Amino acid sequence: MDSFERNYVYPNPLFQTYNLCWLRYIDDVFCLWTGPQNSLDTFTNYLNTIRDELQFTLNYDNTQISFLDTLVMRGPNGTLNTDLFVKPTDSNSLLHYHSCHPTSIKHSLPRSQFKSVARIVSDPELLPARLDDMSLKFETRHYTRNLLDRAKVLALNPSPRPIASTKPERVPFIHTHHPVMPIVYNIIRKHWPLLRRSYPQIEAFTTPPLMCKRRPTNIRDRVVKADLGSSSKIPRQTFLGTEKTRHVSMFGLCMLL
């Protein structure tokens with residue numbers, strides 16, 4: 001996509017004349033277009049004629065447009081306001097609290113989601129309602145109210161970044177996460193002084209190891225995705241395998257000035 005943009009998007013005369021903003025996240029593009037609608041259609045049609053396996057889908061509006069999880073709205077005097085966007089097909093796929101994941105992840109997830117909502121919602125009067133909606137989603141996934149309230153306070157009142165520690169580096173103990181691992185932690189901490197007293201010359205034994213968790217294999221890792229679609233076009237064979245058509249979504253907020 002970067003090569004495609006440098007070779008075909010940026011040098012285009014229509015792009016240089018009417019484009020006000022072009023932001024891309026992987027294969028989703030947010031664009032502010034100041035020209036008439038026919039110029040935007042012409043520009044999109046031009047991009048779709050360059051490579052058959054790379055096609056753009058255009059969605060535009062004069063007042064508001066959705067981009068990923070953000071709804072961008074045109075305010076008075078040409079300002080842009082943002083709100084949280086939720087797809088109609090959203091099924092609340094937040095991590096279930098009773099899933100086999102480290103407790104630290106399940107406790108930090110609400111805080112990160114609340115911080116994301118606070119960054120996206122630009123209207124301070126609308127922010128409490130959006131936070132309550134996010135809390136309700138977590139509650140349906142069996143997160144406790146006390147945990148959510150603490151996470152909300154930490155997200156809206158972030159603490160200053162801690163000063164870098166001067167403690168010696170700890171040896172990492174990397175393992176696959178399992179619910180019984182806290183018992184192993186306690187055994188290691190309990191008997192670690194034996195190593196420190198027996199081998200005082202080894203600096204790595206000064207402090208207990210740093211426990212690092214590795215995600216276990218889940219169902220998603222075991223399932224193989226099958227492409228059952230049919231096409232009249234015979235795909236080309238490349239060095240990396242069969243070439244597939246890639247559809248790129250281009251979201252444009254068309255402002256007619």
Side-chain angles (χ1 to χ4, degrees), residues 25-26 28 68-70 82-87 90-121 124 127-197 199 202-223 225:
Y25 178 75
I26 305 178
D28 290 318
L68 302 178
D69 58 351
T70 303
T82 56
D83 192 10
L84 197 65
F85 174 74
V86 180
K87 294 183 178 180
D90 178 67
S91 58
N92 190 11
S93 58
L94 291 171
L95 181 68
H96 198 283
Y97 188 76
H98 298 306
S99 62
C100 184
H101 282 73
T103 304
S104 58
I105 292 180
K106 292 183 285 189
H107 285 189
S108 62
L109 181 61
R111 180 181 178 183
S112 63
Q113 290 298 311
F114 288 140
K115 291 178 65 175
S116 177
V117 173
R119 285 194 301 265
I120 293 175
V121 180
L127 179 58
R130 296 291 182 260
L131 292 174
D132 291 340
D133 293 341
M134 183 60 68
S135 295
L136 182 60
K137 287 186 175 182
F138 276 108
E139 288 184 18
T140 58
R141 305 295 285 176
H142 294 273
Y143 287 74
T144 63
R145 168 57 62 177
N146 290 336
L147 172 62
L148 297 176
D149 290 341
R150 291 196 303 269
K152 189 183 299 183
V153 172
L154 292 175
L156 299 179
N157 302 280
S159 57
R161 182 171 299 180
I163 301 175
S165 175
T166 57
K167 296 181 180 180
E169 294 185 1
R170 300 164 61 184
V171 177
F173 174 57
I174 305 174
H175 64 88
T176 302
H177 173 68
H178 192 277
V180 301
M181 286 309 298
I183 300 177
V184 178
Y185 296 167
N186 293 333
I187 294 176
I188 293 176
R189 293 190 183 98
K190 178 180 179 180
H191 299 287
W192 195 261
L194 295 176
L195 290 174
R196 185 171 59 245
R197 290 194 298 266
Y199 304 96
I202 301 179
E203 185 178 356
F205 291 159
T206 304
T207 56
L210 180 64
M211 304 300 176
C212 303
K213 306 178 183 66
R214 183 193 299 112
R215 181 179 66 82
T217 303
N218 55 27
I219 297 179
R220 180 178 180 180
D221 298 328
R222 300 178 182 273
V223 173
K225 182 178 180 181

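All residue numbers in this chain count up from 1 along the given sequence. Since the model is a prediction, treat every value here as computed from it, not as a measurement.
Residues L68 and Y25 approach most closely at CD1-CD2, 3.8 Å, considering heavy atoms. Heavy-atom minimum distance, A155 versus F114: CB-CB, 3.6 Å. Shortest non-hydrogen contact noted between A204 and W192 is O-CZ2, 4.0 Å. Pairing each heavy atom of L94 with each of K137, the nearest pair is CD1-CB, 3.8 Å. Here the closest non-hydrogen pair linking K106 and H96 is CD-O, 4.1 Å. The minimum heavy-atom distance linking R170 with T207 is given by the pair CG-OG1, 3.4 Å.
A distance-only check finds no donor-acceptor pair linking the side chain of T82 to the backbone of V121 [under 3.5 Å]. Formation of a donor-acceptor pair under 3.5 Å by the N157 side chain with backbone atoms of V153 is found in this model. At least one donor-acceptor pair closer than 3.5 Å links the side chain of S135 to the backbone N or O of L131. In terms of modelled atom types and a separation under 3.5 Å, the side chain of S108 and the main chain of S104 share a donor-acceptor contact.
Side-chain contact between S116 and R119: present, with at least one pair of heavy atoms (C-beta onward) separated by less than 4.5 Å. C212 has its side chain out of reach of R214: every pair of non-hydrogen atoms, C-beta onward, lies at least 4.5 Å apart. Residues C100 and P179 form a side-chain contact, since some pair of their non-hydrogen atoms from C-beta on lies under 4.5 Å apart. Between D83 and R130 the shortest side-chain heavy-atom distance falls below 4.5 Å. No side-chain heavy atom of V171 sits less than 4.5 Å from a side-chain heavy atom of L210.
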Please evaluate residues F138 and L147 with respect to the criterion side chain to side chain contact (heavy atoms under 4.5 Å, CB included), reporting the C-alpha separation (whole Å), side-chain torsions for both, the decisive distance (0.1 Å), and the verdict.
CA-CA 10 Å; F138 276 108; L147 172 62; over 6 Å; no
Side chain to side chain contact (heavy atoms under 4.5 Å, CB included) between H101 and L109: does it pass, once the steps are laid out?
CA-CA 11 Å; H101 282 73; L109 181 61; over 6 Å; no
Check step by step if side chain to side chain contact (heavy atoms under 4.5 Å, CB included) holds for V117 and L127.
CA-CA 8 Å; V117 173; L127 179 58; 4.0 Å; yes
Determine whether L95 and R141 satisfy the following criterion, side chain to side chain contact (heavy atoms under 4.5 Å, CB included), listing intermediate values before the conclusion.
CA-CA 7 Å; L95 181 68; R141 305 295 285 176; over 6 Å; no
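No more than 12 heavy atoms of other residues, nucleotides or ligands lie within 6.0 Å of CD1 in I183, so this atom counts as exposed by the packing criterion.
Remark: I120 CD1 to T70 OG1 distance equals 4.0 Å, nearest 0.5 Å. In this structure, I202 CD1 and R196 CZ are separated by 13.0 Å, a value rounded to the nearest 0.5 Å. Taking CE from M211 and CZ from R189, the interatomic distance works out to 5.5 Å, rounded to the nearest 0.5 Å. Expressed to the nearest 0.5 Å, how far CG of L136 lies from OH of Y143 amounts to 14.0 Å. I188 CD1 to K190 NZ: the interatomic distance, rounded to the nearest 0.5 Å, is 13.5 Å. In this structure, I174 CD1 and K213 NZ are separated by 12.5 Å, a value rounded to the nearest 0.5 Å.
At a cut-off of 3.5 Å, with distance as the only test, a side-chain donor of H107 or Y97 sits close to an acceptor on the other residue. In this structure, a donor-acceptor pair under 3.5 Å is present between the side chains of H175 and Y185.
Between H98 and H142, the two ring planes are tilted [angle within 30° to 60°].
Electrostatic pairing of D69 and K87 does not count as a salt bridge here, judged by no charged N lying under 4.0 Å from a carboxylate O. In summary, D132 and K152 engage in a salt bridge, as defined by a charged side-chain N under 4.0 Å from a carboxylate O.
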